[in-house]
Protein chains: 2
Amino acid sequence: MTDAEATRWLDAGEREAWLGLAGVMLLLPSVLDSQLQRDAGLSTFEYLVLAMLSEAPARTLQLKTLAALANGSLSRLSHVVTRLEKRGWVRREPSVVDGRITVAVLTDEGYAKVVASASSHVGTVREMVFDALTPAQVGQLRDISRQIMRRLDPEGRYEPPTA
Amino acid sequence: MTDAEATRWLDAGEREAWLGLAGVMLLLPSVLDSQLQRDAGLSTFEYLVLAMLSEAPARTLQLKTLAALANGSLSRLSHVVTRLEKRGWVRREPSVVDGRITVAVLTDEGYAKVVASASSHVGTVREMVFDALTPAQVGQLRDISRQIMRRLDPEGRYEPPTA
DNA sequence: CAGGGAAAGTTGAACCATCAACTTTTGTCG
DNA sequence: CGACAAAAGTTGATGGTTCAACTTTCCCTG
């Protein structure tokens, strides 16, 4: 926004919607983090990394791709993979076809960890989000978040490739 | 969720809605943070603290209250107020009526800072969120986030008192 | 085929949030 | 009235995130 344009402030309805969305954006991640930390000893990001790997072919993904799927930077992912390796849930392997590429492979222990954590995590999501909404609202939420995502990520860098 | 109950997994529609919401939850804060950091040298939380103070009577609030309004813990707020004091935007004052209470007061420099930062911040919110939505969707978003908030914060601890 | 630039990762430093322990003040209940 | 518990803040340590600098590999072009 440039200084030349006059600010279009939020009207009453927009303000209410914004306060609500801001609240959800701040509280929901912290609730999910607490639950996962308590029940599985994982952060949401760590869980996402393991979960994405568990659904990938051969439980293997290039770090670049994994970073996008988990909505995080490559640097952040690299640090996290180092930690997950130390806990024995993930293994790094260099790519044979391209020397720049490193892939992450989910170990059997890592797979077991995801399976053990998924149920209660999904339960929390259902309880906090979907149990609060009507089926019609679920559809509305899908459309609304898609449209916002198109603004936040116009290049589709964080879009799931085919999922 | 207890082990005894079977997990109700997300159906296709819910899964799409969840991926969208999760994306917004992860990306929107980082976009807002970048904008504020670049244009004003503030984090979102710091901005929220200053903004809440600017709208309060006498530009003064008890730390406990301010923490709830800004959706943060008391500890986090205490650290932030220390930083904001060093930059001259906020002043701490002990309460005369209750020795346990500390209030934060927005200085004139702090008020000027909020005014200078608000316009471009609101511009970003409008651009990323409301310009992407129809008026009907704004209403839907308000209802949806209210209902989720009621789950996340059943006691209404993070509800704005009267705003 | 040589060199420059882009792509993919890694690493260390600086910064911020969280957690637990601690201090001070107030209220309450024998 | 004395003591104990709760409330409000503060503080230091710990751990995770970000940012910028750096390495290695690959691609492309002259």
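Letters A, B, ... are given to chains in the order of the sequence lines, protein chains preceding strands, and every chain is numbered from 1.
Comment: E46(B) engages R83(B) in a salt bridge, judged by a side-chain N to carboxylate O separation of less than 4.0 angstrom. Of the charged side-chain nitrogens involved, at least one lies within less than 4.0 Å of a carboxylate oxygen, so that E14(A) and R126(B) count as a salt-bridged pair.
Nucleotide dT14(D) holds its P atom 17 Å from the CD atom of Q37(A), rounded to whole Å. Rounded to whole Å, atom C1' of dT18(D) lies 16 Å from atom CG of L26(B). Taking atom CZ of residue R76(B) and atom C1' of nucleotide dG15(D), one finds them 15 Å apart after rounding to whole Å. Separating the CZ atom of R100(A) from the P atom of dT25(D) is a distance of 11 Å, rounded to the nearest angstrom. The distance between atom CZ of R38(B) and atom C1' of dT18(D), rounded to the nearest whole Å, is 17 Å.
The residue among S34(A) and L63(A) whose nearest nucleotide of DNA chain C is located toward the 5' end is L63(A). The residue among S30(B) and S78(B) whose nearest nucleotide of DNA chain D is located toward the 5' end is S78(B).
Checked against side-chain contact (heavy atoms from CB on, under 4.5 Å), D33(B) has the following partners two or more places apart in sequence or in another chain: S43(B), T44(B). Listed by chain and number, the residues in a salt bridge (charged side-chain N to carboxylate O under 4.0 Å, His left out) with D98(B) are R100(B) (sequence neighbours excluded). For Q147(A), the side-chain contact (heavy atoms from CB on, under 4.5 Å) criterion is met by D143(A), R150(A), A132(B), L133(B), Q137(B), not counting sequence neighbours. Every residue meeting the salt bridge (charged side-chain N to carboxylate O under 4.0 Å, His left out) condition with E85(A), not counting sequence neighbours, appears here in chain and number order: R92(A). Contacts of E93(B) classified as salt bridge (charged side-chain N to carboxylate O under 4.0 Å, His left out), with partners at least two apart in sequence or in another chain: R91(B).
As judged by a 4.0 angstrom heavy-atom cut-off over every strand, I101(A) is placed among residues touching the sugar-phosphate backbone only. Nucleic acid contact for S75(A): base, since at least one base atom lies under 4.0 Å from a heavy atom of the residue. If you check every strand for non-hydrogen atoms under 4.0 Å, L74(B) touches a base.
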Side-chain donor-acceptor pairs under 3.5 Å in residues 52-63 of chain A, sequence neighbours left out?
from   : atom 1 : to     : atom 2 : distance (Å)
S54(A) : OG     : A51(A) : O      : 2.7
T60(A) : OG1    : A58(A) : O      : 2.6

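Under a 4.5 Å side-chain heavy-atom criterion applied to ILVMFWY residues, the cluster that includes V103(B) comprises I101(B), V105(B) as well.
For the segment residues 80-99 of chain B, the set of residues with a heavy atom within less than 4.0 Å of an atom of DNA chain C comprises R83(B), D98(B), G99(B), in numerical order. A heavy-atom distance below 4.0 Å to DNA chain C is reached by none of the residues of residues 40-60 of chain A.
Note on residues 72-116 of chain A: no pairs pass ring pair (Phe, Tyr, Trp, His ring centres under 6.0 Å), not counting sequence neighbours. Applying the ring pair (Phe, Tyr, Trp, His ring centres under 6.0 Å) test to pairs two or more places apart or on separate chains, those with a residue in residues 34-69 of chain B are Y47(B)-H121(B).
Counting distance only, with no hydrogens placed and no angle test, the side-chain atoms of H79(A) and the base atoms of dG15(D) include no donor-acceptor pair under 3.5 Å.
Along DNA chain C, read 5' to 3', the first and last nucleotides having any atom under 4.0 Å from a heavy atom of chain B are dC16(C) to dT26(C).
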